[in-house]
Amino acid sequence: MLRAIFGEPPRQDTGLLLEANEAIRGYLRTVTRTKKGTAPTPQERRYAIWCQSFLRALDEMEQSQYAAARYGERVTTAFIDRMEREELDDYHRHLYYYNNALIRLFAVLDKLGHFMNERFALKTEKIKSRFSYFTVLRNMHQHKLFTDLEAKLYELKTSYKEPLTHLRNQRNMEIHTINADLLDDLMKAEEAKYGERLRSETEDIRGNLADLGQGCDMAFRSVTTVFRYLVR
């Protein structure tokens with residue numbers, strides 16, 4: 001969908017996104033396959049709807065990541081007051097899609113955590129009423145639940161620890177405190193009063209996008225791991 005903004009054809013799923021989608025659809029087939037003359041149970045219908053929700057969530061996350069990267073490529077000027085109007089617009093579009101992808105990334109992980117909690121009856125809500133994907137992993141580890149699956153997911157979490165920590169801190173700033181970009185702009189405006197040039201975060205765009213790419217990869221791999229486990 002968003003590739004049309006750049007005059008490009010629709011995405012052809014490949015790589016980790018394709019693997020995740022195939023794993024979800026594989027499980028979806030098992031919960032919608034019924035014997036002749038019988039209808040899916042309410043629980044099977046619930047899981048089927050959840051699968052469709054995962055497919056949409058991964059699609060939206062990938063599209064936001066892609067748009068953030070494409071607009072980020074267009075930003076080359078380090079100082080806001082030196083940007084032409086078109087580049088400044090691209091910078092703001094980059095920030096919009098980057099923050100959107102950031103929020104969607106952790107939404108996918110938390111959706112996965114809630115799905116696992118219900119599907120495997122992990123009862124994480126007894127530990128913490130409002131829990132995240134990472135709370136679910138801690139619960140599985142501490143109580144030795146589905147240890148083979150937990151080991152694979154924990155390895156993924158550990159492998160991507162550094163970019164995920166960075167991204168989670170950014171997500172928390174975006175959601176729970178004053179908008180980080182607005183705060184930076186206000187601080188830089190104050191600095192500008194004392195002769196400092198108003199500077200954008202251009203030098204961080206590449207690093208942020210690299211972390212975002214790693215975070216999305218981790219989400220794709222985690223989703224694939226869980227849904228493949230369900231149909232093994």
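Positions are given from 1, in the same order as the sequence printed here. The structure displayed is predicted, hence computed values, not measured ones.
Closest non-hydrogen pair, L55 versus N21, comes out as CD2-OD1, 3.4 Å. Nearest heavy-atom pair across L2 and A67 is CD1-CB, 4.1 Å. The minimum heavy-atom distance linking L212 with L102 is given by the pair CD1-N, 4.4 Å.
With hydrogens and angles disregarded, no donor-acceptor distance shorter than 3.5 Å links the side chain of H94 to the backbone of D90. A donor-acceptor distance shorter than 3.5 angstrom exists from the side chain of S132 to the backbone of F134, with no hydrogens or angles considered. Between the side chain of E44 and the backbone N or O of T41 there is at least one donor-acceptor pair closer than 3.5 Å. No side-chain donor-acceptor contact under 3.5 Å links N100 to the backbone of Y96. Of the possible polar contacts, none joining the E150 side chain to the K144 backbone as a donor-acceptor pair under 3.5 Å is found. Although no hydrogens or angles enter the test, the distance criterion places a donor-acceptor pair under 3.5 Å between the side chain of N139 and the main chain of L122. With Q214 contributing its side chain and L164 its backbone, the two residues share no donor-acceptor pair below 3.5 Å. The backbone N or O of E125 lies less than 3.5 Å from no partner atom in the side chain of S129, so there is not a single donor-acceptor pair. T30 places a side-chain N or O within 3.5 Å of a backbone atom of Y27 that can act as its donor or acceptor partner. With hydrogens and angles disregarded, a donor-acceptor distance shorter than 3.5 Å links the side chain of S222 to the backbone of M218.
Side chains of Q43 and E118: a donor on one and an acceptor on the other come within 3.5 Å. For the residue pair Y160/E155, the side-chain donor-acceptor check at 3.5 Å is not satisfied. Checking T77 against E87 by side-chain atom types alone, a donor-acceptor pair falls below 3.5 Å.
In this structure, E62 and C216 have side chains that are not in contact, with every pair of non-hydrogen atoms separated by 4.5 Å or more. Between R29 and V231 the shortest side-chain heavy-atom distance does not fall below 4.5 Å. Side-chain contact between Y97 and I5: present, with at least one pair of heavy atoms (C-beta onward) separated by less than 4.5 Å. Using a 4.5 Å heavy-atom cutoff, the side chains of H114 and F131 are in contact. In this structure, P42 and R46 have side chains that are not in contact, with every pair of non-hydrogen atoms separated by 4.5 Å or more. Side-chain contact between M83 and V75 is present, with heavy atoms from C-beta onward closer than 4.5 Å. Side-chain contact between K161 and K157 is absent, with no heavy-atom pair separated by less than 4.5 Å. A 4.5 Å side-chain heavy-atom check between L58 and I24 finds at least one atom pair inside the cut-off.
Summarising the geometry, atom CG belonging to L209 is positioned 8.5 Å from atom CD belonging to E73; distances are rounded to the nearest 0.5 Å. Separation of atoms CZ (R74) and CD1 (I205) is listed at 12.5 Å; rounding is to 0.5 Å. One distance of note links CZ of R3 with CD of E8; it measures 7.0 Å at 0.5 Å rounding. For the atom pair CZ of R82 and CG of L88, the computed distance is 15.0 Å after rounding to the nearest 0.5 Å. Between atom NZ of residue K128 and atom CZ of residue R138 there is a gap of 6.5 Å, rounded to the nearest 0.5 Å.
When ring centroids are compared, Y98 and Y91 stay outside the 6.0 Å threshold.
When the options T124, D110, N117 are evaluated for a side-chain contact (heavy atoms from CB on, under 4.5 Å) with Y133, the one that passes is D110. Shown are F115, Y47, F220; of these, the ring pair (Phe, Tyr, Trp, His ring centres under 6.0 Å) with F227 is made only by F115.
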Query - Step-by-step side chain to side chain contact (heavy atoms under 4.5 Å, CB included) determination, R171 to N99 - result: CA-CA 8 Å; R171 188 280 310 265; N99 290 328; over 6 Å; no
Requested in this report: Run the numbers on H143 and I127 for side chain to side chain contact (heavy atoms under 4.5 Å, CB included), then give the verdict.
Outcome: CA-CA 11 Å; H143 295 91; I127 299 172; 4.0 Å; yes
Query raised in the report: Can you check side chain to side chain contact (heavy atoms under 4.5 Å, CB included) on T32 and L28, steps first, answer last?
Result: CA-CA 6 Å; T32 55; L28 178 60; 3.9 Å; yes
Requested in this report: Test Y66 against Y71 for side chain to side chain contact (heavy atoms under 4.5 Å, CB included), laying out the working first.
Outcome: CA-CA 9 Å; Y66 182 82; Y71 281 121; over 6 Å; no
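In this structure, Y229 and F120 have perpendicular ring planes: the angle between them is above 60°, well past the 30° mark.
A salt bridge links R85 and D89; the closest N-O separation between the charged side-chain nitrogens and carboxylate oxygens is under 4.0 Å.
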